[in-house]
Amino acid sequence: MHPRLAEDLNSLPDLLDAARKLAGEALAGLPERPAAVPPGDVARAPLPLGGAGARGALEEFSRRWEAGFAGSAGPRYLGFVTGGATPAALAGDWLTATYDQNPASGLDSTAQHLERETVGWLAELFGLGAEFSGAFVTGATMSTVTGLAIAREWLGERAGVSVSEDGAAALGPVTVLSGSPHSSVLKALSFLGMGRSALRKVPVLPGREAVDVGKLAEVLETLDGPAVVVANAGTVNTVDFDDLRAIAALKQRYGFWLHVDAAFGGFAALSPEHAALTAGLDQADSVVVDLHKWLNVPYDSAVQFTRRRDLQLRVFGNNAAYLGEIGETPDFLHLTPENSRRLRALPAWFSLVAYGRDGHREIVERCVSLARDLGARLDGSPHWRLLAPVRLNVVCFAPAGERDIDALVRAIAEDGTTFLTPTVYDGRPALRAAFSNWRTTAADVDRVFAALDRLAAD
């Protein structure tokens with residue numbers, strides 16, 4: 001054994017205590033840590049040869065890298081849609097690395113059973129019935145890839161071909177319809193060989209990002225064959241929701257595959273005040289939900305759901321003698337693009353056990369309330385213009401005057417009080433503030449608004 005490895009093994013409890021101390025200090029300082037740390041030029045060190053040991057690695061990390069990490073797990077990081085990690089989820093993530101289970105196979109542990117239990121709880125949380133099965137993936141993009149891969153196989157089934165056997169070319173051109181599709185849909189279509197040009201945008205309602213269901217019906221009426229409809233349960237800019245029940249009703253007439261992107265908007269189902277927004281989600285054929293957003297588990301973690309596990313198995317089945325028989329309950333390696341993977345379910349399991357439905361509902365409702373508070377303040381400021389109603393947890397706004405949005409994003413990041421991401425809404429460069437962190441409080445909104453108003457006035 002390498003001497004450094006032997007030394008670290010013999011002192012492992014002390015090393016873990018040192019790592020715990022560093023993590024504890026980082027978490028204690030998180031409320032005051034800069035939300036963003038714009039990187040400068042960072043020189044790459046030479047590849048270590050003999051190695052410094054784990055303690056040396058901790059010291060070098062602290063010296064060279066720690067201060068440059070963003071406070072993305074903190075309460076005022078409002079960029080993208082970034083959650084944090086609840087205490088229970090963090091504990092679960094540490095144990096995920098400790099036990100280092102590979103839940104791809106059920107031959108050697110109960111890890112797969114824990115994942116199935118967690119997926120079942122999440123399905124119940126989002127109102128999905130027993131006909132849905134699911135599996136953990138890295139994020140919404142891979143969940144979208146998985147769902148649309150199953151949809152592609154369904155299109156082949158309707159056309160009398162097997163895409164999984166003969167390839168996407170056997171299917172020919174396909175039609176994918178959506179009002180305000182997330183960019184990951186285009187990425188998935190490219191990845192799956194259906195092509196970005198397969199996507200046809202359908203008009204949205206006036207002043208909205210939600211699809212015009214009447215216009216969708218008109219487009220469906222003109223098609224010769226089956227299509228895939230991608231609906232939104234929460235758009236990126238304004239968290240607008242398509243009318244899922246109305247779209248599902250069209251399925252009875254036109255027989256399309258309904259894929260719903262509920263990456264973070266699906267969590268509206270936890271709140272009685274907002275649950276109606278997700279009505280009809282249970283009529284989807286495939287559903288995307290991100291967990292490292294509003295469930296506040298560490299990256300990377302998402303779930304894909306589908307009601308056609310048979311087609312999923314046809315796409316992702318991985319037959320090999322060393323993997324054993326597939327059986328009636330397929331191992332997860334037969335259901336997603338990955339074979340080996342970490343036990344992503346464990347942090348989610350920990351957080352659900354620790355805080356339950358009610359605890360996670362409180363996080364959702366508090367984030368919505370805080371987003372509305374910031375929206376109202378921006379709307380009342382002469383320096384800002386609210387571009388859309390605050391429907392859930394994202395505030396979409398722009399400077400009242402002419403400002404370079406990219407320069408403003410840089411100024412906000414350099415200030416460090418908060419971090420926001422740019423966007424374009426209705427043709428206008430804008431900013432987004434997305435609330436999804438369990439730590440965020442009204443005091444944080446005070447600080448964020450004060451910083452934004454100050455920077456806008458400069």
Between T423 and R432, do the side chains contain an N or O donor and an N or O acceptor separated by less than 3.5 Å?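 Looking only at side-chain atoms, R432 and T423 do not form any donor-acceptor pair under 3.5 Å.
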
Donor + acceptor pair across side chains of Q312, R308 (<3.5 Å): no

Quick note, ring pair (Phe, Tyr, Trp, His ring centres under 6.0 Å) partners involving residues 82-117, not counting sequence neighbours, are none

According to ring pair (Phe, Tyr, Trp, His ring centres under 6.0 Å), does anything in residues 4-63 pair up with another residue at least two apart or in another chain? List the pairs.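 Non-adjacent pairs meeting ring pair (Phe, Tyr, Trp, His ring centres under 6.0 Å): F61-F69.
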
Can you list every salt bridge (Lys or Arg N to Asp or Glu O under 4.0 Å) pair that touches [range], not counting sequence neighbours?
range: residues 341-351; answer: D93-R342, E115-R341, D300-R344, E338-R344
range: residues 31-52; answer: E32-R447, R33-E66
range: residues 286-299; answer: D290-K293

Qualifying residues under ring-ring contact (aromatic ring centres under 6.0 Å, His included), relative to [X], sequence neighbours excluded:
X: F132; value: none
X: F332; value: none
X: F256; value: none
X: F126; value: F267

Would you give me the side-chain donor-acceptor pairs under 3.5 Å for residues 350-357, sequence neighbours excluded?
{"unit_1": "S351", "atom_1": "OG", "unit_2": "T86", "atom_2": "OG1", "d": "2.8"}
{"unit_1": "S351", "atom_1": "OG", "unit_2": "H360", "atom_2": "NE2", "d": "3.2"}
{"unit_1": "Y355", "atom_1": "OH", "unit_2": "A88", "atom_2": "N", "d": "3.1"}

Test salt bridge (charged side-chain N to carboxylate O under 4.0 Å, His left out) applied to R454 - qualifying residues, sequence neighbours left out: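 Here the qualifying residues are D415.
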
Mind checking what makes side chain to side chain donor-acceptor pair (under 3.5 Å) contact with E273, not counting sequence neighbours? R372

For Q304 and V288: C-alpha separation, side-chain torsions, deciding distance, then whether side-chain contact (heavy atoms from CB on, under 4.5 Å) applies. CA-CA 5 Å; Q304 61 76 216; V288 171; over 6 Å; no

In plain terms, say whether R391 and D240 are close enough for a salt bridge, that is, a side-chain N and a carboxylate O under 4.0 Å apart. yes

